[in-house]
Protein chains: 2
Amino acid sequence: MNVRPKVARDPKVTDDGVTIHDVARAANVSIATVSRVLNGNPPVTGKTRERVLEAIQELAYVPHGGARSLIKRETRTIGVLLPDMHGEFFSEVIRGLDQVTRQHHYSLIVACTHGEAESAEAMLRAMHGKVDGLVVLSSDLEMHAALSNLLRRIPVVFLNHVQGPGGDEFDSISVDNHGGALAMTQYLLGIGHERIAFVKGPDGNSDAEARLQGYREAMGKVPHLEVAGDFSESGGYRAACKVLQMEPRPTAIFAGNDAMAIGILCALRERGVRVPEDISLAGFDDIPMIRYLSPSLSSIRTPIPELGAGAAERLLMRIESGEAIRPMQQTLEVLLVARASTAPPAAPSRAAGSEKTEPRAKPATPDNGAKPSAPPLPTHTKPRRK
Amino acid sequence: MNVRPKVARDPKVTDDGVTIHDVARAANVSIATVSRVLNGNPPVTGKTRERVLEAIQELAYVPHGGARSLIKRETRTIGVLLPDMHGEFFSEVIRGLDQVTRQHHYSLIVACTHGEAESAEAMLRAMHGKVDGLVVLSSDLEMHAALSNLLRRIPVVFLNHVQGPGGDEFDSISVDNHGGALAMTQYLLGIGHERIAFVKGPDGNSDAEARLQGYREAMGKVPHLEVAGDFSESGGYRAACKVLQMEPRPTAIFAGNDAMAIGILCALRERGVRVPEDISLAGFDDIPMIRYLSPSLSSIRTPIPELGAGAAERLLMRIESGEAIRPMQQTLEVLLVARASTAPPAAPSRAAGSEKTEPRAKPATPDNGAKPSAPPLPTHTKPRRK
DNA sequence: GACGAAAATGAAAACGTTTACATTTTTGGT
DNA sequence: ACCAAAAATGTAAACGTTTTCATTTTCGTC
């Protein structure tokens with residue numbers, strides 16, 4: 001029965017060809033028994049267990065995960081769909097995901113959609129039968145719509161809040177984009193700025209949308225100064241050029257994310273515009289590197305690894321406790337971090353305060369920027385939630 | 001036969017329960033036929049193909065990847081084993097991997113070992129039967145030894161060169177650590193430094209080892225000043241403290257990687273040591289963010305995404321063309337990028353050269369350090385005396 | 001129209017596991 | 001020792017595909 005060419009080799013060498021049958025034969029038992037010792041299932045005698053273990057060792061047998069998944073109907077793998085792999089944002093998300101999935105002995109299979117809905121769909125199809133659940137960051141509403149059809153029967157957690165049409169809702173977890181943008185804008189207003197330009201994110205991006213709304217809400221009747229952007233460094237650079245042409249010139253720029261803020265900073269520097277003396281600059285995300293810029297950048301700290309970790313936790317819960325619970329949207333708190341790039345406007349357009357005017361939020365601290373792991377941390381201010 | 005509870009649902013809704021059998025039944029054909037149209041295999045009539053396609057559409061059937069892998073004996077997935085997920089290095093590697101694997105319609109399953117050999121081993125075992133090949137960055141020699149036993153029969157490419165004992169060699173691809181360190185050290189010597197401290201990487205790390213050798217080779221008879229480090233920011237910080245206590249004080253610090261250079265920069269800044277006036281500072285890797293530091297950091301540019309891409313290419317080649325070829329080690333060229341953090345020592349200890357002395361290694365390119373994708377860049381300084 | 005070849009389809013085995021169930025062995029009470 | 005019950009082990013079906021091989025259908029040719 002089941003004759004397959006066997007090679008007698010150095011036992012330490014894993015030969016992919018060895019199956020549970022080979023082990024069974026070597027130990028003189030049935031495959032069922034081998035399976036039982038493998039899974040620690042009850043009825044198995046010490047003596048035979050020994051024999052089996054020995055055979056496993058001898059043959060350097062490693063169970064075939066694929067076959068196991070098939071019959072157990074669980075892959076212990078979760079799929080991650082991201083727009084791309086640029087910048088620190090995504091690696092931090094993955095880190096958070098990894099942190100909790102590894103505890104539960106799950107693996108991660110990651111794929112980048114590059115913003116194309118059709119490749120996203122292809123990846124989703126390819127993942128069927130290879131994952132127990134999905135974590136998805138859909139880059140825009142369009143894609144979200146395309147995907148949601150495929151995602152009905154498999155547990156999924158989105159990394160941003162999107163309302164499907166007709167209230168078909170999924171689990172989602174996101175940072176408080178609206179509250180963060182609100183807080184930052186209020187902070188800028190508070191230290192005396194009036195003409196605050198906002199550099200938007202890409203159309204259809206739900207995070208970008210929420211940030212814009214936060215800005216608008218805070219600005220109220222004060223004239224809005226909105227410039228198009230795309231969350232990329234180069235987009236920020238271009239946006240800065242537009243801002244500088246505005247008449248009268250804004251005294252502060254609030255970038256929809258840090259990457260754009262970096263581009264903006266470059267543009268300003270090139271043109272000899274000083275930050276924060278001539279223009280204040282703020283970002284959003286607080287990616288680790290911005291504290292090392294000069295001037296260090298004020299931003300909204302988003303708990304990115306926690307975002308990933310939270311998503312993983314929710315997903316695993318849903319997977320493991322048969323999906324009875326109804327979907328919920330969770331929002332993570334953010335933190336306003338004032339650094340050197342924001343200061344009261346040079347020539348107060350309003351007699352609001354002296355040069356030493358303190359922001360309503362705590363003052364920017366001279367920040368000697370260290371990563372969490374090590375030294376001194378900047379002081380933060382909590383944003384007021386709406 | 002094969003009675004399974006069927007639900008009549010919105011056809012657009014993917015029901016994980018639908019199998020090829022359901023499609024076959026709906027189209028009034030055998031599962032073999034369905035399989036054939038699915039895979040575009042020759043003998044199938046236009047009319048029945050239609051029927052089958054219709055049924056597939058109707059039931060929103062998606063083939064089960066796991067089952068397919070099992071019988072085809074290919075998973076179209078490759079595994080990636082990394083030490084951790086901190087910093088830009090790893091996401092860039094993954095980006096490179098993704099770029100080429102996606103073209104070949106392969107997926108990526110990533111796992112972090114966190115430097116623990118036993119969890120690395122567990123992950124490898126879990127991957128058996130779920131991947132067609134592996135890309136591994138083994139954090140140290142010890143781990144490498146532990147893993148190599150498991151990796152005999154499955155194609156694998158290492159992201160660093162390690163000599164197994166007894167010449168058991170694997171495919172590997174790496175950047176030219178030795179050459180880069182050599183060049184940077186020579187460059188520092190060339191602009192007049194004599195006391196150049198080197199901050200080492202973790203013991204047992206092969207990249208760190210090679211960089212150290214490069215430094216040593218360049219220094220020749222000049223006294224070596226080596227300080228322990230661990231490739232982390234905080235490690236750099238601590239190393240800087242030690243360096244500052246050296247007597248006489250070094251005029252330049254060459255950090256084994258950029259992360260440590262950042263930590264060093266913080267430490268120097270805190271203590272009021274000016275860079276490059278008091279001490280020159282150089283890193284290794286040229287991760288994107290260092291060009292934004294002030295002063296912008298001189299470093300060795302390593303083609304990180306290309307590293308990933310190259311690994312993927314080699315691996316896929318090996319997978320697809322039955323592994324006849326013998327393992328080879330590939331080394332990617334690096335580039336010295338001189339920026340503002342390095343300059344000739346303030347008080348030349350030797351009348352070695354004029355102010356304009358060029359390094360023996362290729363001259364630093366005036367680098368406007370563009371990210372591949374784009375745009376705006378800060379202006380960089382060519383190393384020269386102020 | 002019948003015949004054979006070619007084309008299309010179907011039946012069943014296979015991939016490497018787990019597990020329900022059947023069977024054998026052990027055990028303990030008498 | 002013997003018998004039933006309990007414990008250990010074995011048999012075979014199942015997971016959802018692909019593919020070989022056998023079978024049926026189609027078609028052109030005489």
Side-chain angles (χ1 to χ4, degrees), chain A residues 1-4 14-25 27-52 55-56 59 61-76 125-132 153, chain B residues 1-5 14-25 27-52 55-56 59 61-76 125-132:
Chain A
M1 44 213 75
N2 192 2
V3 213
R4 59 171 52 244
T14 297
D15 184 339
D16 260 33
V18 349
T19 85
I20 198 174
H21 287 95
D22 302 317
V23 177
R25 181 146 12 95
N28 237 345
V29 296
S30 75
I31 60 169
T33 304
V34 178
S35 173
R36 280 190 271 257
V37 346
L38 238 37
N39 299 285
N41 279 346
V44 54
T45 282
K47 212 172 54 175
T48 53
R49 144 171 280 112
E50 292 271 298
R51 274 216 315 284
V52 171
I56 289 178
L59 299 164
Y61 165 71
V62 178
H64 190 285
R68 194 199 289 254
S69 300
L70 186 54
I71 196 164
K72 292 275 285 285
R73 322 189 108 233
E74 68 163 29
T75 61
R76 293 201 95 76
R125 305 177 79 91
M127 285 189 183
H128 177 211
K130 310 200 119 168
V131 299
D132 295 336
R153 217 64 190 158
Chain B
M1 10 227 78
N2 193 2
V3 213
R4 57 172 54 244
T14 299
D15 182 341
D16 260 34
V18 350
T19 84
I20 199 174
H21 287 95
D22 302 316
V23 176
R25 180 146 15 92
N28 237 343
V29 296
S30 76
I31 60 168
T33 305
V34 178
S35 173
R36 281 190 269 256
V37 347
L38 239 39
N39 298 287
N41 278 345
V44 54
T45 283
K47 213 173 51 174
T48 54
R49 145 171 278 114
E50 292 271 298
R51 274 215 315 285
V52 171
I56 289 178
L59 297 165
Y61 165 72
V62 178
H64 189 285
R68 194 199 288 254
S69 299
L70 184 54
I71 195 159
K72 294 274 286 282
R73 320 184 113 238
E74 70 164 26
T75 61
R76 294 201 93 75
R125 304 177 78 91
M127 286 189 184
H128 177 214
K130 312 199 121 174
V131 299
D132 295 335

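Quick note on labels: first sequence line is chain A, next is B, and so on, each numbered from 1. Quick note: numbers below take in every heavy atom, side chains included, and nothing from hydrogens, waters or symmetry partners.
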Gap between atoms [atom1] and [atom2], on [X] and [N] respectively (whole Å):
X       : N      : atom1 : atom2 : result
A:Ile31 : D:dT9  : CD1   : P     : 15 Å
A:His21 : C:dC15 : NE2   : P     : 9 Å
B:Arg25 : C:dG10 : CZ    : C1'   : 16 Å
A:Arg68 : D:dG16 : CZ    : C1'   : 18 Å
A:Glu74 : C:dT19 : CD    : C1'   : 14 Å
A:Leu70 : D:dT18 : CG    : C1'   : 13 Å
A:His64 : C:dC15 : NE2   : C1'   : 8 Å
A:Arg73 : C:dT18 : CZ    : C1'   : 12 Å

- 5′-ward residue of the pair B:Arg36/B:Ala67 relative to DNA chain D: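 Of the two residues, B:Ala67 wins.
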- Message: Over all strands shown, is A:Ser69 touching base, sugar-phosphate only, or nothing at heavy-atom distances under 4.0 angstrom?
- Response: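 Contact class for A:Ser69: none.
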Is any side-chain heavy atom of [X] less than 4.5 Å from a side-chain heavy atom of [Y]?
X       : Y       : value
A:Arg36 : A:Thr48 : no
B:Leu70 : A:His64 : yes
B:Asn39 : B:Arg68 : yes

- Query: Given that A:Ser35 and B:Ala32 both sit by DNA chain C, which one's nearest nucleotide is further toward the 5' end?
  - Reply: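 Taking each residue's closest nucleotide, the earlier one in sequence belongs to B:Ala32.
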- Separation between OG1 of B:Thr19 and CG of B:Leu59, rounded to the nearest 0.5 Å: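 Between B:Thr19 OG1 and B:Leu59 CG, I get 9.5 Å after rounding to 0.5 Å.
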- Message: Checking contacts here: which listed nucleotide (C:dG16, C:dT9, D:dT17) is nearest the side-chain heavy atoms of B:Ile71?
- Response: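 Minimum distance to the B:Ile71 side chain belongs to D:dT17.
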Think [X] has a side-chain N or O under 4.0 angstrom from the OP1 or OP2 of [N]?
X       : N      : result
B:Ser30 : C:dA11 : no
B:Thr19 : D:dG16 : no
A:Thr48 : D:dT9  : yes

- Closest approach of B:Leu38 and B:Pro63, non-hydrogen atoms and distance?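 It is CD2-CG, 4.1 Å.
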